[in-house]
Engineer: 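The structure's right below; bear with me while I get my questions together.
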Amino acid sequence: EEAHHLCPNGLDVVKTLVNRTPGEFLLIAHPRLWEKLESKGYSQCRQLTTNRLGRKITLRLHKSDVAKFVDRRLPGMNGEAGKATELIFKNAVSHGNFAFVRKAIRRTRSLMREKGETTPRLAVVSEAVNAELTARDVRG
């Protein structure tokens with residue numbers, strides 16, 4: 001996991017293991033970060049992805065997964081669940097994918113407790129999404 005954090009020496013170790021050990025290896029990396037690593041001149045990355053790679057699988061966030069998460073974690077939204085899903089999904093795609101979804105919903109539940117609300121509302125979800133976006137923009 002987090003292969004995009006491997007340094008050149010770490011990548012050399014992976015290449016050595018791939019070359020000398022029978023078996024399959026699974027490296028998981030955020031696509032944009034891996035591409036950055038390749039573009040920085042880490043020939044080890046390019047060697048792994050061009051010479052030794054059996055298959056590259058890119059995982060993407062799907063709106064249906066976000067909808068299921070919203071339904072399970074914010075039950076009772078009724079007619080607003082679809083709008084909440086869309087709001088969270090459109091921001092999650094460019095701000096961390098499922099980690100964003102998880103944290104936005106966690107913030108929603110926290111705001112609900114602070115406000116003494118038991119039923120989630122779209123306005124609270126929107127406030128939570130904006131708070132998470134602000135937190136990520138400050139860090140990044």
Side-chain angles (χ1 to χ4, degrees):
E1 187 177 349
E2 298 190 2
H4 51 261
H5 291 303
L6 285 169
C7 63
N9 291 340
L11 289 164
D12 279 337
V13 169
V14 171
K15 283 184 356 192
T16 300
L17 288 170
V18 168
N19 289 333
R20 296 184 181 187
T21 309
E24 296 181 3
F25 295 85
L26 177 66
L27 300 177
I28 301 171
H30 188 283
R32 264 190 237 144
L33 295 177
W34 187 263
E35 287 166 11
K36 250 183 162 174
L37 205 58
E38 285 181 318
S39 70
K40 283 184 179 178
Y42 281 10
S43 59
Q44 294 90 333
C45 290
R46 283 192 299 278
Q47 287 177 355
L48 281 173
T49 57
T50 57
N51 299 343
R52 294 172 173 85
L53 184 69
R55 179 173 15 159
K56 182 176 181 180
I57 301 169
T58 304
L59 301 177
R60 303 224 183 274
L61 184 66
H62 294 278
K63 195 183 297 184
S64 61
D65 293 331
V66 176
K68 288 176 188 172
F69 207 76
V70 167
D71 286 342
R72 289 183 184 151
R73 296 293 184 171
L74 299 174
M77 287 205 71
N78 299 323
E80 294 186 319
K83 291 177 183 175
T85 296
E86 183 63 37
L87 176 65
I88 294 169
F89 175 76
K90 77 176 186 180
N91 288 288
V93 169
S94 58
H95 287 88
N97 290 312
F98 216 73
F100 183 91
V101 174
R102 185 182 63 247
K103 288 187 176 184
I105 289 179
R106 189 178 295 152
R107 281 182 187 272
T108 301
R109 293 165 58 111
S110 178
L111 285 169
M112 287 172 55
R113 281 191 298 277
E114 288 175 20
K115 297 172 185 278
E117 297 181 9
T118 56
T119 303
R121 296 180 300 114
L122 184 59
V124 179
V125 173
S126 180
E127 187 178 344
V129 165
N130 288 331
E132 186 59 28
L133 287 170
T134 300
R136 286 169 183 265
D137 287 342
V138 168
R139 288 185 214 135

Engineer: Looking only at heavy atoms, what is the nearest atom pair of Ala128 and Ala104, with distance?
Structural biologist: CB-O, 3.5 Å

Engineer: Tell me which pairs pass salt bridge (Lys or Arg N to Asp or Glu O under 4.0 Å) where either residue lies in residues 110-131, with sequence neighbours left out.
Structural biologist: Lys115-Glu127, Glu117-Arg121

Engineer: For residues 64-93, pull every pair meeting ring pair (Phe, Tyr, Trp, His ring centres under 6.0 Å), keeping only residues two or more places apart or in separate chains.
Structural biologist: Phe69-Phe98

Engineer: Who are the side chain to side chain contact (heavy atoms under 4.5 Å, CB included) partners of Ser126, not counting sequence neighbours?
Structural biologist: Leu87, Asn130

Engineer: Quick one: does Ser110's side chain have a donor or acceptor within less than 3.5 Å of a partner on Arg106's backbone?
Structural biologist: no

Engineer: Salt bridge or not between Lys103 and Glu132? Use side-chain N to carboxylate O under 4.0 Å.
Structural biologist: no

Engineer: Identify the heavy atoms of Arg136 and Gly96 that sit nearest to each other, and give their distance.
Structural biologist: NH1-CA, 4.0 Å

Engineer: State, to 0.1 Å, how close Arg73 and Ile105 come at their nearest heavy-atom pair, and which atoms those are.
Structural biologist: CB-CG2, 3.4 Å

Engineer: Going by the rule salt bridge (Lys or Arg N to Asp or Glu O under 4.0 Å), which residues pair with Lys83 if we only count those two or more places apart in sequence or in a different chain?
Structural biologist: none

Engineer: Measuring from atom OG of Ser64 to atom CG of Asp71, what distance do you get when rounded to the nearest 0.5 angstrom?
Structural biologist: 11.0 Å

Engineer: State the CG-CG distance between Leu133 and Asn91, to the nearest 0.5 angstrom.
Structural biologist: 4.5 Å

Engineer: Quick one: closest heavy-atom pair of Ala84 and Val70, and the distance?
Structural biologist: CB-CG1, 4.5 Å

Engineer: By side-chain hydrogen bond (donor to acceptor under 3.5 Å, both in side chains), which residues pair with Lys63, not counting sequence neighbours?
Structural biologist: Glu86

Engineer: Indicate the atoms forming the closest heavy-atom contact of Leu122 with Glu80, along with that distance.
Structural biologist: N-OE1, 3.0 Å

Engineer: Could you give the distance from CZ (Arg60) to CG (Asn97), rounded to the nearest 0.5 Å?
Structural biologist: 9.0 Å

Engineer: Check side chain to side chain contact (heavy atoms under 4.5 Å, CB included) between Thr118 and all other residues, then give those that pass, not counting sequence neighbours.
Structural biologist: none

Engineer: Nearest heavy-atom pair of Met77 and Pro120: which atoms, and what distance?
Structural biologist: CG-CG, 3.5 Å

Engineer: Given Val93 and Phe100, is the side-chain contact (heavy atoms from CB on, under 4.5 Å) satisfied, shown in steps?
Structural biologist: CA-CA 8 Å; Val93 169; Phe100 183 91; over 6 Å; no

